Amino acid sequence: MHPAASKPRLYHCMERERCSKVCEMRKNQQRRLLGRKELILSGTLNPIKDLYLGKLALTKFPKSPETWIHRRWVLQQLIQETSLPSFVTKGNLGTIPAERKQQVIQEEMEVCGEAAGRYPSNYNAWSHRIWVLQHLAKLDVKILLDELSSTKHWASMHVSDHSGFHYRQFLLKSLISQTVKDSSVLEQNPLRNESALVLPKDEEAAASTEEPRINIPHLLEEEVEFSTDLIDSYPGHETLWCHRRHVFYLQHHLNGRFPHSVTQLSPGDSPAVTLSDLHHIPAGPRTSQAMEVDGLCYSNKQGYSQETKRLKRTPAPDYLGLEVEHRFIDQVLSTCRNVEQARFANAYRKWLDTLSQ
């Protein structure tokens with residue numbers, strides 16, 4: 001047999017051997033994680049120490065889905081009120097107090113940030129970060145605002161990371177959702193508003209720190225400005241245009257329902273938007289049309305029809321916002337030297353045209 005003919009066969013043998021080794025490693029890892037779960041449930045292994053072991057493992061394998069899944073299981077054991085009875089009887093930490101819970105949340109954010117920096121578009125790390133906000137932080141408004149601020153620099157240094165910008169979109173939608181939910185509760189229970197008027201000054205100040213006022217339009221305007229700076233500084237990155245599309249859609253959606261005089265939303269305000277309306281807001285850039293010049297015409301027919309129906313459910317066009325976006329596109333194209341930048345700008349213009357139809 002000619003030596004060249006044996007090369008494909010040799011390659012397939014090597015690839016098969018490599019795959020079998022990977023499968024064996026995963027099986028061994030799952031066995032180790034299962035053993036650690038048994039040790040935690042028996043009270044032999046401290047969950048906090050297990051989290052530290054997982055943190056070390058993520059420095060070498062930052063995208064390992066098994067490690068992230070196990071980490072969430074450990075955190076669930078910590079936040080359950082009646083979990084680990086044998087662990088409590090041994091005098092160790094059973095349920096974490098409020099101050100320790102805040103510390104755990106902060107540590108998880110740091111672990112996720114480090115893992116995201118080690119592996120580009122680390123979906124598992126960012127998904128874990130979202131899980132922490134939902135189950136540990138309970139979508140606390142202050143923590144959401146802190147996260148929006150703290151991840152801004154990271155996003156500016158990773159302009160091609162879809163997962164990182166999707167996380168910022170999640171934060172914006174969660175802030176909107178929490179604001180609407182708080183307003184709905186106060187609409188149904190007006191006595192809660194009246195009781196706030198008779199609070200002593202100290203208690204009223206404390207309450208204001210617990211429930212910060214959220215200027216949703218201002219947050220979205222800042223995010224658009226942030227997007228503008230990044231698109232100008234780093235031309236030709238699809239992620240930035242997808243993110244701008246998502247943020248503008250949030251603006252467009254809200255401007256059609258909030259009066260122009262309403263610029264600040266707080267638990268005392270009553271926006272006309274409902275929680276069900278927020279379900280029509282896309283979950284991320286990948287739920288909308290592909291950022292391609294011809295993607296709008298040649299995309300999947302079913303997906304396009306669903307997108308068209310969703311856009312028809314949107315409020316009347318915000319022509320002032322659309323005009324500003326078209327001017328931004330004209331400015332980009334007039335100074336553009338990057339072919340990809342021009343392609344994304346034209347695709348964004350086509351998407352904007354669908355909003356005004």
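All figures in this text were calculated on a predicted structure; none of them were measured in a lab.
- Among residues two or more places apart in sequence or in another chain, the side-chain contact (heavy atoms from CB on, under 4.5 Å) test is passed with Asp232 by Thr228, Phe328, Gln331, Val332.
- With sequence neighbours left out, Glu114 forms a side-chain contact (heavy atoms from CB on, under 4.5 Å) with Lys55, Arg118.
- Every residue two or more places apart in sequence or in another chain that forms a side-chain hydrogen bond (donor to acceptor under 3.5 Å, both in side chains) with His70 is listed here: Asp50.
- Side chain of Ser227 to main chain of Glu223: no donor-acceptor pair is present (N/O by atom type, distance under 3.5 Å, no hydrogens or angles).
- With sequence neighbours left out, Glu107 forms a side-chain hydrogen bond (donor to acceptor under 3.5 Å, both in side chains) with Gln103.
- The closest donor-acceptor contact from the side chain of His253 to the backbone of Tyr249 lies at 3.5 Å or more, if one exists at all.
- One hydrophobic cluster, built from ILVMFWY side chains closer than 4.5 Å, holds both Trp126 and Ile105.
- Connectivity analysis of hydrophobic side chains (ILVMFWY, heavy atoms under 4.5 Å, direct or indirect) links Leu58 to Trp68, Val111.
- When atom types are taken as modelled, the side chain of Thr151 and the backbone of Glu147 share a donor-acceptor pair closer than 3.5 angstrom.
- In this structure His158 satisfies the side-chain contact (heavy atoms from CB on, under 4.5 Å) test together with Trp154, Asp161, sequence neighbours excluded.
- The side-chain hydrogen bond (donor to acceptor under 3.5 Å, both in side chains) search around Glu325 returns Arg244, Tyr348, not counting sequence neighbours.
- Grouped by direct or indirect side-chain proximity (heavy atoms under 4.5 Å, Ile/Leu/Val/Met/Phe/Trp/Tyr only), Ile69 sits alone.
- Evaluation of the side-chain contact (heavy atoms from CB on, under 4.5 Å) rule for Asp229 yields no partner, not counting sequence neighbours.
- Proximity of a side-chain donor or acceptor of Gln77 to a complementary backbone N or O of Leu41 within less than 3.5 Å is not detected.
- Under a cutoff of 6.0 Å and an axis angle of 45°, Lys63 and Tyr123 do not form a cation-pi pair.
- Smallest separation of non-hydrogen atoms from Ala125 and Ala116: CB-N, 4.3 Å.
- Qualifying side-chain hydrogen bond (donor to acceptor under 3.5 Å, both in side chains) partners for Glu340, counting only residues two or more places apart in sequence or in other chains: Arg343.
- Within the hydrophobic cluster formed by Ile, Leu, Val, Met, Phe, Trp and Tyr side chains joined at under 4.5 Å, directly or through other members, Leu56 is accompanied by Tyr52.
- With sequence neighbours left out, the salt bridge (Lys or Arg N to Asp or Glu O under 4.0 Å) criterion links Arg327 to Glu323.
- Residues Asp353 and Arg349 are not paired through a salt bridge, judged by the lack of any N-O separation under 4.0 Å between the basic side chain and the carboxylate.
- Checked for salt-bridge contact, Glu108 and Arg129 miss the test: no charged N lies under 4.0 Å from a carboxylate O.
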